[in-house]
Amino acid sequence: AARRALEPLGDHPAEFLRRHDPADALEEPLSDFVYRMTRGPDLLDLYAGIAQALERHGSLEATYATIDADTHPERASVFIQRIRAGRLRDEVERGLSYLLSDPADGSACKRMHMFFRWVGRGPDGVDLGLWDALSPADLLMPLDTHTSRICRYIGLVDRKTVDHKMAVEVTESLRQLDPEDPIKYDFAICHLGISESCIHERSEEHCPGCPLEEICTL
């Protein structure tokens, strides 16, 4: 799905968006795109928003860096609003809202925090480290149902609702371990679920082999 979404932009997506009108160049190639909640019109709105940001600020990093706000979540919210503002449709439709979630709405915004992690950390073999405008110390934990459960199991958070407040609380717990780079633990935590090392139920056959068993409350 990612390959199909990016193919119409060629080998240099930013240059393509600087030189072409997304409405004219991309509507037909993306007309039947479907992936989960994302449809072709949602991608068109995304690309149109990025194109406008590139035109006005020069790059996505500059779009973020020029925001006057005190905290990263506040800047992240304005960053999303700036990209949404360049959409082709009159309203922010559900698919675009899902694709470009706004921390100000109170959701966990996993995809956005993953994006900021990729560009703000590294390069270290996991993250890309492309931006100077974002410090690893400011990042928030990308959370979904699976990672949030593991975070509860090992005492990083008590909150059960997977939302922005939980992302902040988990990050504050991790910040006690490394205040300069709290999200470096994200890959290890999420991989417990991806690798099926954590099966989310107590098992005398499975759990003794887990390196986190001594602190797990499951």
Side-chain angles (χ1 to χ4, degrees), residues 1-2 35-38 64 69-77 79-80 94-95 97-131 134-218:
Y35 179 71
R36 301 183 71 180
M37 291 184 63
T38 303
Y64 177 89
D70 294 330
T71 68
H72 168 59
E74 291 172 327
R75 287 190 291 273
S77 177
F79 176 81
I80 294 303
R94 183 185 181 194
S97 179
Y98 176 81
L99 191 61
L100 290 176
S101 51
D102 184 349
D105 295 335
S107 66
C109 298
K110 175 187 175 181
R111 285 169 298 285
M112 288 301 98
H113 292 313
M114 285 283 287
F115 168 76
F116 288 124
R117 199 199 80 191
W118 292 335
V119 298
R121 287 194 72 255
D124 61 358
V126 175
D127 296 316
L128 303 174
L130 300 176
W131 287 11
L134 179 57
S135 168
D138 295 330
L139 297 172
L140 288 182
M141 180 73 169
L143 287 178
D144 60 15
T145 301
H146 307 292
T147 55
S148 64
R149 282 193 302 221
I150 293 173
C151 287
R152 287 198 303 272
Y153 296 162
I154 61 177
L156 294 176
V157 69
D158 293 326
R159 187 178 181 83
K160 294 183 179 180
T161 303
V162 184
D163 56 10
H164 176 70
K165 290 182 179 179
M166 177 183 273
V168 171
E169 290 179 16
V170 169
T171 303
E172 288 302 315
S173 294
L174 294 174
R175 195 166 275 130
Q176 296 180 47
L177 302 176
D178 190 339
E180 299 303 318
D181 191 9
I183 309 307
K184 72 180 184 182
Y185 303 100
D186 174 32
F187 187 79
I189 292 172
C190 74
H191 200 265
L192 286 171
I194 294 172
S195 65
E196 298 184 349
S197 297
C198 181
I199 58 175
H200 302 300
E201 62 181 20
R202 188 69 193 172
S203 166
E204 294 307 320
E205 294 181 356
H206 189 86
C207 293
C210 177
L212 299 177
E213 185 189 19
E214 291 186 6
I215 61 172
C216 181
T217 61
L218 179 63

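Remember, predicted model here, so these are calculated numbers, not experimental data.
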Note to self: Applying the side-chain contact (heavy atoms from CB on, under 4.5 Å) criterion to Leu140, which one of Glu172, His113, Met112 satisfies it?
What the structure shows: His113
Can you name the closest pair of heavy atoms from [X] and [Y] and give their distance?
X	Y	value
Leu139	Arg175	O-NH2, 3.9 Å
Ser101	Pro103	O-CD, 3.8 Å
Ala137	Pro179	CB-O, 3.6 Å
Pro208	Ser203	CD-O, 3.6 Å

If you round to the nearest 0.5 Å, how far is [atom2] of [Y] from [atom1] of [X]?
X	Y	atom1	atom2	result
Leu99	Tyr35	CG	OH	11.5 Å
Ile183	Met114	CD1	CE	11.5 Å
Cys207	Glu201	SG	CD	8.5 Å
Leu192	Phe187	CG	CZ	10.5 Å
Arg149	Leu218	CZ	CG	9.5 Å
Leu212	Ile154	CG	CD1	5.5 Å

Measure from the side-chain N and O atoms of [X] to the backbone N and O of [Y], and report whether any donor-acceptor pair falls under 3.5 Å.
X	Y	answer
Asp105	Ser107	no
Thr171	Met141	yes
Thr147	Leu143	no
Arg152	Thr217	no

Notebook entry, point to check: Does Cys109 reach the side chain of His164, with side-chain heavy atoms less than 4.5 Å apart?
Noted result: no
Next item on the list: Indicate yes or no: at least one non-hydrogen side-chain atom of Cys190 is less than 4.5 angstrom from one of Ile150.
Entry: no
Residues in side-chain hydrogen bond (donor to acceptor under 3.5 Å, both in side chains) with [X], at least two apart?
X	answer
His206	none
Tyr185	none
Ser148	none

Next item on the list: Using the ring pair (Phe, Tyr, Trp, His ring centres under 6.0 Å) rule, take His72 and Tyr64 through it: C-alpha gap first, then chi angles, then the decisive distance, then the call.
Entry: CA-CA 10 Å; His72 168 59; Tyr64 177 89; 5.8 Å; yes
Checklist line | Which residues share a side chain to side chain contact (heavy atoms under 4.5 Å, CB included) with Arg159, sequence neighbours left out | finding: Val157, Thr161, Asp163, Lys165, Met166, Glu169
Next item on the list: Not counting sequence neighbours, which residues clear side chain to side chain contact (heavy atoms under 4.5 Å, CB included) with Ala69? List them please.
Entry: Ile67, Glu74, Arg75
Next item on the list: Assess whether side chain to side chain contact (heavy atoms under 4.5 Å, CB included) is satisfied between Asp144 and Val162, documenting all intermediate values.
Entry: CA-CA 7 Å; Asp144 60 15; Val162 184; 5.8 Å; no
For residues 118-129, please give each side-chain donor-acceptor pair under 3.5 Å, one per line with the distance, not counting sequence neighbours.
residue: Arg121; atom: NE; partner: Asp181; partner atom: OD1; Å: 2.8
residue: Arg121; atom: NE; partner: Asp181; partner atom: OD2; Å: 3.2
residue: Arg121; atom: NH1; partner: Asp124; partner atom: OD2; Å: 2.8
residue: Arg121; atom: NH1; partner: Asp127; partner atom: OD2; Å: 2.6
residue: Arg121; atom: NH2; partner: Asp124; partner atom: OD2; Å: 3.1
residue: Arg121; atom: NH2; partner: Asp181; partner atom: OD2; Å: 2.9
residue: Asp124; atom: OD1; partner: Val126; partner atom: N; Å: 2.9
residue: Asp124; atom: OD1; partner: Asp127; partner atom: N; Å: 2.8
residue: Asp127; atom: OD1; partner: Arg117; partner atom: NE; Å: 2.8
residue: Asp127; atom: OD1; partner: Arg117; partner atom: NH2; Å: 2.9
residue: Asp127; atom: OD2; partner: Arg117; partner atom: NE; Å: 3.2

Heavy-atom count check: over 12 atoms from other residues, nucleotides or ligands less than 6.0 Å from [X] [atom1]?
X	atom1	value
Arg94	CZ	no
Tyr98	OH	yes
Arg36	CZ	no

Next item on the list: Return the orientation label for the Tyr153 and His200 ring planes: parallel under 30°, perpendicular over 60°, tilted otherwise.
Entry: tilted
